[in-house]
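See structure below.
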Amino acid sequence: MTWIMPYYDWIKALHVIAVISWMAGMFYLPRLFVYHAERASPGSELDQTFQIMEEKLLRVIMNPAMIVSWICGLLLIAMGAFDFGAIWSWAKLLAVIGMTAAHGWLAARRKEFVAGQNTRSGRTYRLINEVPTVLMFVVVVAVIVRPF
């Protein structure tokens with residue numbers, strides 16, 4: 001791994017950029033689902049519009065950003081950025097795994113909208129919209145403050 005060490009700062013910068021992009025999508029997709037669930041009837045023109053917006057957000061922004069976040073994060077771990085003896089490192093890793101699970105849950109909900117089978121209310125998506133915020137809080141506090 002010594003050949004990659006000169007690129008540490010670039011990898012870390014790319015990691016932060018990718019995480020910001022991923023988080024933007026994680027905040028916006030549930031909000032789209034709120035309006036989709038509350039305002040669009042399956043098969044309507046509005047339903048089709050929401051489906052296009054949701055699909056592009058997931059496929060063009062969120063999926064690539066999540067993948068780049070993970071690749072850069074794993075590279076940073078391989079370069080020594082993970083303190084295996086510190087709780088903050090494990091808290092961050094668990095929150096990132098939680099964020100990935102939330103991403104997968106949102107992707108599955110998009111497929112339900114596509115199939116015209118959404119059964120969840122706008123309220124459900126409003127509540128789910130808080131999950132990325134809580135996980136982001138855990139990650140940032142774990143990395144910056146390192147309270148444990």
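Just so you know, residue 1 is the first one in the sequence shown, and it goes up from there. The figures that follow rest on heavy atoms only: side chains count, while hydrogens, waters and symmetry mates do not. The shown structure was predicted, so the numbers you read here are calculated from the model rather than taken from an experiment.
Taking hydrophobic clusters as Ile, Leu, Val, Met, Phe, Trp and Tyr residues chained together by side-chain heavy-atom distances below 4.5 Å, Leu32 does not share a cluster with Ile52. Cluster annotation: Met5 is connected to Leu75 through the hydrophobic network of ILVMFWY side chains, with a link wherever side-chain heavy atoms come within less than 4.5 Å. Transitive grouping of hydrophobic side chains (ILVMFWY, heavy atoms separated by less than 4.5 Å) brings Phe27 and Val131 into a common cluster. Connection of Val16 to Trp22 is not established within any shared hydrophobic cluster, with ILVMFWY side chains joined at heavy-atom distances below 4.5 Å, either directly or through further cluster members. Under a hydrophobic-cluster definition in which Ile, Leu, Val, Met, Phe, Trp and Tyr are linked whenever side-chain heavy atoms come within less than 4.5 Å, directly or via other members, Met62 and Val139 are assigned to the same cluster.
A distance-only check finds a donor-acceptor pair linking the side chain of Thr100 to the backbone of Val96 [under 3.5 Å]. Panel note: side chain Trp88, backbone Pro147; no donor-acceptor pair is recorded below 3.5 Å. Of the possible polar contacts, none joining the Ser89 side chain to the Gly85 backbone as a donor-acceptor pair under 3.5 Å is found.
The number of heavy-atom neighbours closer than 6.0 Å to OH of Tyr7, taken from other residues, nucleotides and ligands shown, is 12 or below. Surrounding CH2 of Trp105 are more than 12 heavy atoms belonging to other residues, nucleotides or ligands, all under 6.0 Å away. Around the OH atom of Tyr8, the shell of radius 6.0 Å holds more than 12 heavy atoms that belong to other residues, nucleotides or ligands. By the neighbour-count criterion of 12 heavy atoms within 6.0 Å, atom CD1 of Ile87 is sparsely surrounded, having that number or fewer from other residues, nucleotides or ligands.
Expressed to the nearest 0.5 Å, how far CD1 of Ile128 lies from CG of Leu29 amounts to 11.5 Å. Atoms CG and CZ, from Leu58 and Arg109 in turn, are 12.0 Å apart once rounded to the nearest 0.5 Å. Here CD1 of Ile17 is found 13.0 Å from NZ of Lys12. Values are rounded to the nearest 0.5 Å. In this structure, the separation between CZ on Arg110 and CG on Leu106 is 11.5 Å, given to the nearest 0.5 Å. Rounding to the nearest 0.5 Å places SG of Cys72 at 11.5 Å from CD1 of Ile77. Going from atom CG of Asp47 over to atom CZ of Arg39 covers 14.5 Å, rounded to the nearest 0.5 Å.
Side-chain atoms of Tyr125 and Asn118, non-hydrogen and from C-beta on, do get closer than 4.5 Å to each other. No side-chain heavy atom of Asn129 sits less than 4.5 Å from a side-chain heavy atom of Phe33. Side-chain contact check for Arg120 versus Glu112: some heavy-atom pair is nearer than 4.5 Å. Counting heavy atoms from C-beta on, the side chains of Phe82 and Leu76 never come closer than 4.5 Å. Put simply, the side chain of Asn63 reaches to within 4.5 Å of the side chain of His103, judged on heavy atoms. Proximity of Met99 to Met23: side-chain heavy atoms (C-beta onward) are separated by under 4.5 Å at one or more points. Residues Val138 and Lys92 form no side-chain contact, since every pair of their non-hydrogen atoms from C-beta on lies 4.5 Å or further apart. Within the 4.5 Å cutoff, no side-chain heavy atoms of Met26 are placed close to those of Met136.
Taking a cutoff of 4.0 Å between a charged side-chain nitrogen and a carboxylate oxygen, Glu54 and Arg59 do not qualify as a salt bridge.
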- request: List the steps, then state whether side-chain contact (heavy atoms from CB on, under 4.5 Å) holds for Phe137 with Thr133.
  value: CA-CA 6 Å; Phe137 180 84; Thr133 303; 5.8 Å; no
- request: Go through Glu38 and Arg126 one step at a time and tell me if the side-chain contact (heavy atoms from CB on, under 4.5 Å) criterion holds.
  value: CA-CA 11 Å; Glu38 292 179 348; Arg126 278 186 185 85; 2.6 Å; yes
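For the pair Ala37 and Ser121, the tightest heavy-atom approach, listed with the atom from each and the gap, is CB-C, 4.2 Å. Across every non-hydrogen atom of Ala65 and Ser21, the tightest pair is CB-CB, 3.8 Å. Smallest separation of non-hydrogen atoms from Phe148 and Ala91: CE1-CB, 3.5 Å.
Geometric assessment of Arg31 against the ring of Tyr35 yields a positive cation-pi assignment under the 6.0 Å and 45° thresholds.
Relative orientation of the His36 and Phe50 rings is parallel, given thresholds of 30° and 60° on the angle between their planes.
By the ring-ring contact (aromatic ring centres under 6.0 Å, His included) test, Tyr28 pairs with no residue at all, sequence neighbours left out.
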